[in-house]
Amino acid sequence: MSKTMIYADHAATTVLSPTAYTAMQPWLKDKYGNPSTLYSLAREPRKAVASARETIAACIGAKPKEIYFTSGGTEADNWALTGMAFQYPNQRGRIVTSCIEHHAVLHTCDFLDRMGYGIDLLPVNRDGAVSSSMLEDHLQDDAILVSVMLANNEIGTIQPIRELAKIAHCHHCLFHTDAVQGVGHIPIDVRELGVDMLSASAHKFNGPKGCGFLYVREGISIEPFMHGGAQEHGHRAGTENVAGIVGMAAALEEHQKQLAQEMTYLHKLADTLLGHLRETDLDFIVNGSAERIPGSLSLSFRNADGEMLLHRLDLMGTAVATGSACDSKDAVLSHVIRAIGVPNEYKHGTVRITLGMDNSEKDVQSIAEQIVHIPVSYTHLTL
Ligand code: PLP
């Protein structure tokens with residue numbers, strides 16, 4: 001990406017932090033031993049993986065043995081759901097999840113549905129939040145697991161996880177949360193939240209791509225995800241991605257140390273962008289609840305076309321995401337924008353702007369100016 005490009009799609013991925021990059025380097029070349037072998041070349045990588053496990057556990061209030069390294073958020077979500085469901089192969093109980101989960105959860109539920117498990121999808125309110133009463137209403141006796149994301153990747157809404165986990169437990173159900181958009185961005189303590197499993201992904205908090213983890217509370221039994229080795233407490237076989245794991249720990253620790261300042265900065269930056277846009281005569285609504293991931297904004301512009309907005313902004317040097325994609329015949333809305341019921345004249349004009357620590361006040365001013373300069377004729381949906 002050119003230096004002049006404004007990157008405002010941090011919910012999609014983030015740049016590798018220099019700290020993580022430096023921490024990874026020795027494990028990519030010189031210290032290449034396989035942590036599972038017995039000679040001295042393996043000792044250092046083995047220690048590095050153990051130390052990363054301790055660091056990550058400390059960042060989320062867990063014990064090191066409760067952290068299982070994975071290839072990312074998708075794997076962690078797949079494992080949490082299938083690993084729990086496969087504990088009850090004869091029972092084929094129900095899994096309760098929200099209708100705005102990431103596809104890593106929703107498509108795993110589709111798979112489990114085909115395997116004979118029951119799936120219940122919880123509705124959300126206009127803010128994209130799952131309420132305690134909605135969960136109470138949907139929990140039947142044969143439910144085995146509730147999975148509700150900590151923060152939504154399109155609209156940033158933070159869910160009342162502690163309350164929801166409490167309700168699940170009252171119904172003798174385990175609780176998983178996909179915290180991929182939350183870890184490294186808001187304070188997370190697994191004991192305070194009361195969750196049994198939690199998924200995270202390194203590339204969402206300036207760590208490397210293809211690396212993540214699943215927290216599984218001590219005492220919870222889960223089926224192994226991969227077979228063929230003793231790695232990850234015998235539950236996820238395969239030689240460890242040592243550099244990735246070390247980089248992930250370094251990146252998370254770095255965020256953790258400055259979390260309060262980062263949150264304040266990003267909330268302010270998002271407010272500044274909203275302020276600039278509100279000074280114009282643009283007609284738009286802000287999606288999601290007031291309690292959102294810092295720096296996250298989902299905006300729906302009246303009578304606009306989100307995909308066109310994305311491409312026009314790209315031409316002007318800004319990278320954002322959209323909540324609606326267009327093909328020649330049909331406008332395809334994201335399941336999240338559909339579920340929260342964005343009004344018809346706004347829903348096709350949705351863009352997601354997710355700011356990061358590498359964005360400045362000048363960036364958000366430019367983004368606002370660029371949006372204002374996009375001619376209505378380019379944004380108007382003529383379908
Ligand atoms: N869950 C959520 C909420 C996400 O936003 C993402 C990625 O966008 C994932 C899961 C998948 O994570 P990964 O890209 O590490 O597989």
Side-chain angles (χ1 to χ4, degrees), residues 7-16 20 56 60 67-83 97-111 121-122 124 128-130 146-159 161 164 175-186 188 193 195 197-215 225-226 236 241 244-245 247-249 251-252 255 287-289 292-298 319-323 325 334-337 339-340 352-356:
Y7 183 71
D9 196 17
H10 292 79
T13 197
T14 54
V15 66
L16 187 66
I56 286 170
I60 62 161
I67 303 296
Y68 296 78
F69 294 126
T70 67
S71 67
T74 301
E75 180 183 319
D77 285 344
N78 271 257
W79 187 8
L81 270 60
T82 58
T97 190
S98 88
C99 60
I100 61 162
E101 297 296 307
H102 189 272
H103 286 137
V105 166
L106 290 177
H107 290 180
T108 305
C109 285
D110 290 345
F111 164 71
L121 286 187
L122 297 167
V124 291
V130 174
V146 176
S147 178
V148 177
M149 68 204 316
L150 190 119
N152 184 266
N153 47 302
E154 289 191 37
I155 54 174
T157 296
I158 298 174
Q159 302 287 355
I161 294 299
L164 299 177
F175 193 92
H176 164 252
T177 190
D178 172 346
V180 165
Q181 293 292 339
V183 171
H185 302 290
I186 55 172
I188 290 176
L193 287 175
V195 297
M197 293 186 284
L198 175 145
S199 308
S201 174
H203 74 103
K204 306 292 187 179
F205 51 81
N206 304 94
K209 292 174 179 60
C211 201
F213 66 88
L214 178 66
Y215 156 81
F225 188 68
M226 299 226 263
R236 201 275 186 187
N241 174 2
I245 289 167
M248 171 163 65
L252 185 54
H255 273 288
N287 301 309
S289 66
R292 286 197 297 271
I293 286 294
S296 165
L297 281 177
S298 167
V320 300
T322 180
S334 90
H335 63 293
V336 178
I337 296 305
I340 63 173
R352 177 187 73 178
I353 301 170
T354 46
L355 304 164

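Both counts, for ligands and for their atoms, begin at 1 and track the order of listing. Just so you know, residue 1 is the first one in the sequence shown, and it goes up from there. Quick caveat, the model's predicted, so the values are computed rather than measured.
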Can you tell me how far CD1 of I158 sits from NE2 of H185, rounded to the nearest 0.5 angstrom?
11.0 Å

side-chain hydrogen bond (donor to acceptor under 3.5 Å, both in side chains) partner of S199, chosen from T74, D178, D77, N78
D77

If you have a sec, work out which protein heavy atom is nearest atom 11 (C) of ligand 1 and how many Å separate them, to one decimal?
T74 OG1, 3.3 Å

Could you tell me the separation between the CG atom of L198 and the CE atom of M149, rounded to the nearest 0.5 Å?
12.0 Å

Closest to atom 15 (O) of ligand 1 among protein heavy atoms sits S201 OG, 2.6 Å

With heavy-atom distances below 4.0 Å as the criterion, list the atoms of ligand 1 near D77.
1 (N), 10 (C)

Between K204 and T13, a side-chain donor and acceptor under 3.5 Å
no

So the atoms of ligand 1 within less than 4.0 Å of a heavy atom of G72 turn out to be 15 (O)

Of the choices H102, H203, Q181, which has the non-hydrogen atom that lies closest to atom 14 (O) of ligand 1?
H203

Can you name the atoms of ligand 1, numbered from 1 with element, that are less than 4.0 Å from a heavy atom of N153?
3 (C), 5 (O)

Using a 4.0 Å cutoff against the non-hydrogen atoms of M149, which atoms of ligand 1 qualify?
3 (C)

With under 30° as parallel and over 60° as perpendicular, where do the rings of Y7 and H10 fit, or are they tilted in between?
perpendicular

May I ask whether K204 has any heavy atom positioned less than 4.0 angstrom from an atom of ligand 1?
yes

For atom 13 (P) of ligand 1, the protein heavy atom that lies nearest, with its residue and separation:
G73 N, 3.5 Å

Does an N or O from A151, backbone or side chain, lie closer than 3.5 Å to an N or O of ligand 1?
no

In Å and rounded to the nearest 0.5 Å, what is the CD to CD1 distance from Q181 to I186?
10.5 Å

Using 0.5 Å steps for rounding, measure from the CH2 atom of W79 to the CE atom of M226.
9.0 Å

N206 and H255 side chains, donor-acceptor separation under 3.5 Å:
yes

closest protein heavy atom to atom 3 (C) of ligand 1 is D178 OD2, 3.4 Å

